[in-house]
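For reference, the structure discussed in these notes is given below.
Every number for a ligand or one of its atoms is a count from 1 in the order of the listing. The basis for the numbers below is simple: all heavy atoms, side chains too, and nothing from hydrogens, waters or symmetry mates.
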Amino acid sequence: MEQVVIIGSGCAGWTAAIYTARANLNPLLITGQQPGGLLTTTSSVENFPGFQNGIEGTALMMEMQEQATHFGTQIQYLSRVESVDFSSSPLKVTVDGKVIETRSVIVAVGAGHRHLGVPGEHELENRGVTYCATCDGALPIFRNQPLVVVGGGDSACEEASYLTRFASQVYLIHRRDSLRASKIMAERALANPKITPVWNSVVEEVLDVAQNRVTGVRLKNIVTEEVSTLDCAGVFVAVGHTPNTQIFQGQLTMDEAGYLVLGEGSRTNIPGVFAAGDCADSVYRQAITAAGMGCAAAIDAERWLAGL
Ligand code: NAP
């Protein structure tokens, strides 16, 4: 019987592991099939406190992993949780066909960026295609260059506004003729002279795979069917996130987008099950906020176990 099983190995998961390991709970962390989570898909992380020159996303996650290991975290690498049964105590977590029984669970499964699914997007990821302006916007390749942001929600508006600090011009490509974003964020973005909205348009291809860097996008106006090319040095995809919470459906309370709904602190609707990081946060979604939530979940789990 485990005391605490942590599902997920992003900032939230590793931080929860560090705290629960230091509380002598001997946590078991299931990494999932993308150890380190979303941060391993980004280049330099320059906004995580403590690294004044920035740190590679993968290196940051390795540091966290080593810190968690140092304090005695048990790690099950590259394992995937197939299902959970939270209907009775002990809680059950099935990993690679094996059932693990545990008194508590910290869910830190993160969220994935929604992709456009167009040619060139995958090939040019981290070569001009990115999913996080806060992480990558200040990179030299984007400075004083025209940039494209795709999407019409709060994220797209926020990213477009943020990118105006670095870009010569930001084109906001949206598939409809009005933004979905909240009024204040939409108005702020549209009032910015450096942001040009491109309405009723979808990206059909990111150019240019042959040059191994982003040189532009091929756009299609879905009303007129007109196809055009827009030169740019970067494509920031902000079409939403999908929390990786499918396996908890029917057991943990979630909103319509799949984000886990928390009660007091990090508590879910099931006693002994706590959640942290992007799977329970549709607003901030930063490495440092995920780490903070991981800490909170660990403390909540520790207190809950002490009360048993
Ligand atoms: P979102 O609200 O779901 O918006 C996604 C946008 O991408 C929509 O405009 C959608 O178009 C578009 N889209 C989706 N799939 C697409 C595709 N395949 N091709 C082209 N466009 C596509 O996602 P979000 O902006 O990431 O926001 C998520 C949540 O976080 C929201 O609750 C938001 O309020 C919150 N958030 C808050 C802040 C803040 O308060 N500072 C900042 C960021 C996010 P349609 O409009 O046509 O559906």
Side-chain angles (χ1 to χ4, degrees), residues 12 38 41-42 47 110-122 124-125 129-137 147-165 170-192 195-207 214 216-228 230 232 234-245 253-262 275-290 292-293:
L38 268 191
T41 66
T42 188
N47 53 10
H113 299 296
R114 227 179 265 154
H115 293 78
L116 297 174
V118 298
E121 180 188 18
H122 174 64
L124 295 173
E125 191 169 336
V129 174
T130 145
Y131 298 84
C132 177
T134 329
C135 320
D136 298 330
L147 302 176
V148 153
V149 173
V150 189
D154 280 338
S155 296
C157 290
E158 193 171 59
E159 305 236 320
S161 299
Y162 179 76
L163 289 172
T164 57
R165 299 177 195 187
V170 177
Y171 296 95
L172 184 57
I173 315 288
H174 186 34
R175 60 185 178 185
R176 294 187 296 122
D177 63 0
S178 63
L179 296 172
R180 163 192 295 272
S182 55
K183 203 164 184 303
I184 187 166
M185 294 182 77
E187 281 177 359
R188 194 178 299 151
L190 295 177
N192 191 319
I195 297 177
T196 307
V198 182
W199 303 117
N200 297 317
S201 297
V202 292
V203 173
E204 284 203 322
E205 183 180 0
V206 182
L207 307 167
V214 170
V217 286
R218 189 158 53 81
L219 295 178
K220 183 178 175 184
N221 184 307
I222 54 176
V223 176
T224 63
E225 305 252 305
E226 189 190 334
V227 175
S228 60
L230 180 62
C232 63
V235 176
F236 290 76
V237 180
V239 297
H241 289 78
T242 310
N244 301 320
T245 53
T253 305
M254 48 187 84
D255 66 15
E256 59 187 23
Y259 289 95
L260 299 178
V261 175
L262 303 184
D278 287 8
C279 64
D281 170 20
S282 65
V283 178
Y284 303 107
R285 296 188 311 237
Q286 299 298 302
I288 189 67
T289 50
M293 290 176 81

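- Residue, atom and distance of the protein heavy atom nearest to atom 40 (O) of ligand 1 are M185 SD, 4.1 Å.
- Checked against L116 for a side chain to side chain contact (heavy atoms under 4.5 Å, CB included), the options V237, V202, V129, V217 give a single hit: V237.
- For E159 (side chain) and S155 (main-chain N/O), no donor-acceptor pair under 3.5 Å exists by modelled atom type.
- Taking the six-membered ring where the residue is Trp, W199 and H174 present perpendicular rings, their angle passing 60° and hence far from 30°.
- Compare H174, R180, E158 by their heavy atoms: the one nearest to atom 2 (O) of ligand 1 is in R180.
- Only the side chain of R285 comes within 4.0 Å of ligand 1, judged by heavy-atom distances.
- Nearest non-hydrogen protein atom to atom 7 (O) of ligand 1 is V239 CA, 3.2 Å.
- Counting all heavy atoms, side chain and backbone alike, E121 lies closest to G117 at OE1-N, 2.6 Å.
- Of the N or O atoms in R175, one or more lie within a sub-3.5 Å distance of an N or O in ligand 1.
- At a distance under 4.0 Å, no protein heavy atom can be found next to atom 32 (O) of ligand 1.
- Side chains of Q286 and N47 form a contact here, defined as non-hydrogen atoms less than 4.5 Å apart.
- Remark: minimum distance from atom 23 (O) of ligand 1 to any protein heavy atom is reached at G240 CA, 3.6 Å.
- Relative to atom 25 (O) of ligand 1, the option among S155, S178, S282 with the closest non-hydrogen atom is S155.
- The main-chain N or O of G258 is found under 3.5 Å from a side-chain atom of D255 such that the two form a donor-acceptor pair.
- Shortest non-hydrogen contact noted between P197 and L190 is CG-CD2, 3.9 Å.
- Considering both main-chain and side-chain atoms, R114 never comes within under 3.5 Å of ligand 1 through any nitrogen or oxygen pair.
- The protein heavy-atom contact nearest to atom 38 (C) of ligand 1 is D154 CB, 3.9 Å.
- Backbone and side-chain nitrogen or oxygen atoms of R176 are examined, and one is located within less than 3.5 angstrom of a nitrogen or oxygen of ligand 1.
- Of all atoms in ligand 1, listed by their number and element, those nearer than 4.0 Å to a heavy atom of G153 are 4 (O), 6 (C), 9 (O), 25 (O).
- Looking at heavy atoms from C-beta onward, V214 lies out of side-chain contact with V148 at the 4.5 angstrom threshold.
- The closest donor-acceptor contact from the side chain of N244 to the backbone of C279 lies at 3.5 Å or more, if one exists at all.
- Listed for the R114 side chain is a donor-acceptor partner under 3.5 Å among the backbone atoms of V239.
- Shortest contact from atom 9 (O) of ligand 1 to any protein heavy atom: G152 N, 3.0 Å.
- Considering both main-chain and side-chain atoms, A156 never comes within under 3.5 Å of ligand 1 through any nitrogen or oxygen pair.
- The closest protein non-hydrogen atom to atom 19 (N) of ligand 1 is L116 CD2, 3.8 Å.
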